[in-house]
Amino acid sequence: METLEQIKNRVELAVRGAKIDIVVNPGPSQQSSLLIDNEHAVAVAKFLRDHPVLSFDFCSNATGVDWLDRVVKKTTKVKTFVEGVEKEIDQTTEEKIPGYLEAVYHLYSIKHKHGPLIIRLRTANRGEGARLPSFTPIWRSAELQEREIFDLYGIHFEGHPDLRRILMWDEFVDYPMRKDYWDPDDYEWEPTPHDDVLERAKQHYTPRPQLDGAENITAQPQ
Amino acid sequence: MSATIQTAHPETEQPGRLPPQMSSRLDGELLEVSMGPQHPSTHGVFRMNVALEGEIVRKLKPVFGYLHRNHEKIGENASYLGSMPYTDRLDYFCSMTNNWAYALSVEKLVGIEVPERAEYLRVILAELTRLQNHASLLGFLLSDMGAWGTPLMYAFREREKILDLFESLSGSRMMCDYMRFGGCRVDADDEWLARAKQIVDRFPKFLDEFEQLILQNEIVIARTQNVGKLSPELAISAGITGPMLRACGVNYDVRKVDGYGIYPRFKFRIPLGDHGDTYDRLMMRALEMHESVEILKQALTQIQPGPIVNPKVKIRAFRPPVGEAYGRIEGPKGELGFYLISDGGPNPYRYRVRPPSFINLTVLEDLCLGHTVADVMVILGSVDIVMGEVDR
């Protein structure tokens with residue numbers, strides 16, 4: 001297989017305006033990946049699949065990763081005047097890196113028997129902006145796997161033909177694979193009669209009849 | 001019956017509701033039937049919402065999740081070694097290959113070398129797993145077709161012999177928990193290897209008998225040929241792997257392509273199908289068993305004494321370096337992969353299983369359209385699913 005730089009150059013020549021970064025994997029597995037911008041992702045994927053030399057026709061694995069907001073502390077030495085004397089003191093600055101969700105695809109070529117090429121897409125944030133283009137029109141194998149990512153991570157894949165929950169039930173509201181997910185004590189909680197439900201239950205029953213003096217008659221011990 | 005089938009194209013039709021011509025009235029043209037989750041031939045708790053015209057399937061939507069326990073989240077909260085016994089429970093027929101795929105991914109993540117004897121033991125156990133998985137699949141498939149009991153018991157008789165081998169080696173028939181990072185847990189003695197050799201040598205006799213009884217059977221041929229045809233283009237696009245892909249004539253076997261472990265040392269062939277129908281998928285299993293026997297014979301004669309685990313691998317405080325790795329093997333059901341991200345801690349930051357039988361179900365609707373309800377069972381049986389892996 002060609003190196004990631006060669007593939008990156010090929011893609012950038014073919015797809016106009018595509019921004020591609022190489023995400024270096026520091027571990028010993030030597031599986032670095034390509035980060036593709038969301039606007040051109042479908043065009044890039046189509047190119048990777050149809051190019052005669054690359055021909056990544058087989059999308060083996062599609063999965064999501066959750067990266068939370070991070071705070072990176074940096075310590076720098078700053079020269080300042082303390083009581084008229086120049087001194088070096090440590091100054092810590094905190095930089096907040098916003099979190100995002102990632103979709104990772106592992107591509108192989110059955111035609112040329114090479115791979116894996118790992119491509120990743122990143123969402124803008126972890127809230128409303130968790131939207132990515134769907135690769136299901138390019139590789140059908142993404143159909144169930146993207147549904148699973150939507151179910152467990154909450155990434156909305158635009159262009160997916162049938163995006164709905166797959167492993168959790170349809171009424172489930174949260175996304176269990178997110179790092180900040182906290183499972184409730186009782187999954188199947190249903191409102192039992194209290195609060196407003198109790199009020200409605202009370203209105204349902206007829207009010208108790210007025211007692212006319214009978215409440216005053218009590219059995220007196222002799 | 002309620003209309004629970006979601007339309008495939010929500011933007012063109014009203015989502016969540018059947019189009020008017022597909023309402024579930026008895027006097028109408030289409031009848032909606034919920035097959036499963038409790039059905040003898042769904043191999044677990046699997047449900048299909050089927051829209052029928054008479055007896056012909058016009059629409060089929062699989063419903064997953066009855067066995068979902070979020071295996072991946074549990075894996076993120078357990079240590080690397082702590083997940084090893086839990087991988088047994090994914091595809092509970094093939095715990096040895098599940099162990100191997102997970103161990104292979106962690107070895108890629110950390111960069112661990114495996115001693116030669118351990119690699120031989122892994123190959124022997126993985127191929128024995130393939131034998132017992134394929135044998136019991138053929139039994140189950142015939143059971144789905146109505147050959148009730150007898151073929152399944154023939155297959156299970158052979159399977160029990162292999163499970164006895166697993167039990168005497170690892171202490172458990174099905175939940176073996178045998179592999180470790182950089183090797184295997186216990187060594188096999190000469191007596192065990194002799195017993196394995198005996199069982200492997202006798203296996204072709206069972207295969208020939210089984211093939212004579214079943215694969216030439218007129219009813220089997222009538223029920224499976226030209227049923228559930230899959231084109232190679234769709235199979236590649238849909239990520240189909242394993243015997244199901246090779247039944248379409250696509251020559252792709254991870255054992256040959258990646259050459260993981262010591263597979264390049266063995267001489268074996270990859271059987272390929274011509275038509276991609278259910279009969280080819282069935283034949284693929286039978287032919288693969290012959291090739292597995294060949295690999296086993298070579299491995300059992302070549303194996304040499306030696307260490308079975310890499311002594312450099314830490315057992316306590318096992319912390320892989322920051323990075324990620326995707327490792328895959330050719331499991332009996334298809335390409336089984338594990339994708340791991342390490343942040344340098346004792347637990348994986350991301351632990352992902354690439355389940356072959358889940359992804360093989362992508363094309364279930366395409367296979368079943370136009371066939372009868374009875375064929376749905378046969379097609380589903382030939383996909384070879386285990387719900388512990390599909391729902392995870």
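Residue numbers start from 1 in every chain, and the chains themselves are labelled A, B, ... in the order their sequence lines are given, proteins ahead of strands. Any value given below was found using the heavy atoms of this structure, including those in side chains, with hydrogens, waters and symmetry copies removed.
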Original post:
Is atom CZ of R69(B) surrounded by more than 12 heavy atoms (other residues, nucleotides or ligands) closer than 6.0 Å?
Top reply: yes

**OP:** Kindly give the heavy-atom pair with the smallest separation between S357(B) and V390(B), and that separation in Å.
**Re:** OG-CG2, 3.7 Å

Original post:
Is R164(A) salt-bridged to D170(A), going by a charged N under 4.0 Å from an acidic O?
Top reply: no

Original post:
Which bit of N25(A) is near chain B, if near means a heavy-atom gap under 4.5 Å: side chain, backbone, both or neither?
Top reply: side chain

Original post:
With a 4.5 angstrom heavy-atom cut-off, which part of I236(B) approaches chain A: side chain, backbone, both or neither?
Top reply: both

Subject >> Considering all heavy atoms, the nearest H160(A)-A142(A) contact >> reply: NE2-O, 4.4 Å

**OP:** Would you check if there is a donor-acceptor pair between the side chains of S60(A) and R354(B) at a distance under 3.5 Å?
**Re:** yes

Original post:
Is any side-chain N of the basic residue among E2(A) and R10(A) closer than 4.0 Å to the acidic one's carboxylate O?
Top reply: yes

Original post:
What pair of heavy atoms forms the shortest contact from V23(A) to S32(A), and how long is it?
Top reply: O-CB, 3.4 Å

Original post:
Is the cationic atom of K256(B) (NZ for Lys, CZ for Arg) positioned less than 6.0 Å from the six-membered ring centroid of F268(B) and within 45 degrees of its normal?
Top reply: yes

**OP:** Heavy-atom distances under 4.5 Å only: say whether V110(B) touches chain A with side chain, backbone, both or neither.
**Re:** backbone

Original post:
Between E148(A) and chain B, which part of the residue has a heavy atom less than 4.5 Å away: side chain, backbone, both or neither?
Top reply: side chain

**OP:** Provide the closest heavy-atom pair for T362(B) versus E143(A) in the form atom of the first, atom of the second, distance.
**Re:** CG2-OE1, 4.0 Å

Original post:
Any cation-pi pair here, R126(A) with Y175(A), using under 6.0 Å and within 45°?
Top reply: no

Original post:
Are more than 12 heavy atoms from other residues, nucleotides or ligands located less than 6.0 Å from atom CD of E113(B)?
Top reply: no

**OP:** Just do the ring-ring contact (aromatic ring centres under 6.0 Å, His included) check on Y102(B) and Y86(B) with the steps written out, would you?
**Re:** CA-CA 11 Å; Y102(B) 181 51; Y86(B) 204 41; over 10 Å; no

Original post:
Using a cut-off of under 4.5 Å for heavy-atom pairs, which of P355(B), G65(B), G327(B), S237(B) has the most such pairs with chain A?
Top reply: S237(B)

Subject >> Interface moiety of D366(B) toward chain A, non-hydrogen atoms closer than 4.5 Å >> reply: side chain

Original post:
Most heavy-atom pairs under 4.5 angstrom with chain A, which of P320(B), S105(B), A325(B), P62(B)?
Top reply: A325(B)

**OP:** Report, as yes or no, whether the 6.0 Å neighbourhood of atom CD on E88(A) holds more than 12 heavy atoms from other residues, nucleotides or ligands.
**Re:** yes

Original post:
Side chain, backbone, both or neither: which part of I240(B) has an atom under 4.5 Å from a heavy atom of chain A?
Top reply: backbone

Original post:
Which atoms of A62(A) come close to chain B, meaning under 4.5 Å heavy atom to heavy atom: side chain ones, backbone ones, both, or neither?
Top reply: backbone

**OP:** Go through the atoms of N70(B) and report whether side chain, backbone, both or neither lie under 4.5 Å from a heavy atom of chain A.
**Re:** side chain

Original post:
E76(B) versus chain A, heavy atoms under 4.5 Å apart: side chain, backbone, both or neither?
Top reply: side chain

Subject >> Cation-aromatic face contact K179(A)/Y349(B), 6.0 Å, 45 degrees >> reply: yes

Original post:
Quick one: what part of F64(B) sits under 4.5 Å from any heavy atom of chain A, side chain, backbone, both or neither?
Top reply: both

Original post:
Is it the side chain or the backbone of S342(B) that comes within 4.5 Å of chain A heavy atoms, both, or neither?
Top reply: neither

Subject >> CD (E158(A)) with more than 12 external heavy atoms under 6.0 Å >> reply: yes

Original post:
Taking every heavy-atom pair that is under 4.5 Å apart, which of R49(A), K113(A), M177(A) has the most such pairs with chain B?
Top reply: M177(A)

**OP:** Give a yes or no on whether a salt bridge exists between E72(B) and R350(B), defined as a side-chain N under 4.0 angstrom from a carboxylate O.
**Re:** yes

Original post:
Quick one: which residues of residues 97-105 of chain A reach chain B at under 4.5 angstrom, heavy atoms only?
Top reply: V104(A)

**OP:** Under 4.5 Å, counting heavy-atom pairs only, tell me which of V65(A), L167(A), I166(A), D151(A) racks up the most with chain B.
**Re:** L167(A)

Original post:
If you count heavy-atom pairs under 4.5 Å between each of S33(A), G27(A), P116(A) and chain B, which one has the most?
Top reply: G27(A)

Subject >> Heavy-atom pairs under 4.5 Å with chain A, option from R352(B), E107(B), K108(B) with the top count >> reply: R352(B)

Original post:
Is it the backbone or the side chain of E335(B) that comes under 4.5 Å from a heavy atom of chain A, or both, or neither?
Top reply: side chain

**OP:** Select one option (side chain, backbone, both, neither) describing which atoms of P26(A) are under 4.5 Å from chain B's heavy atoms.
**Re:** both

**OP:** Answer yes when E365(B) and K59(B) have at least one side-chain N-carboxylate O distance shorter than 4.0 Å, and no when they do not.
**Re:** no

**OP:** Pick one of side chain, backbone, both or neither for D66(A), based on which atoms fall under 4.5 Å of a heavy atom in chain B.
**Re:** backbone

Original post:
By a 4.5 Å heavy-atom criterion (distance strictly below it), what part of V322(B) contacts chain A: side chain, backbone, both, or neither?
Top reply: both

Original post:
chain B heavy atoms under 4.5 Å from I138(A): which part of the residue, side chain, backbone, both or neither?
Top reply: backbone

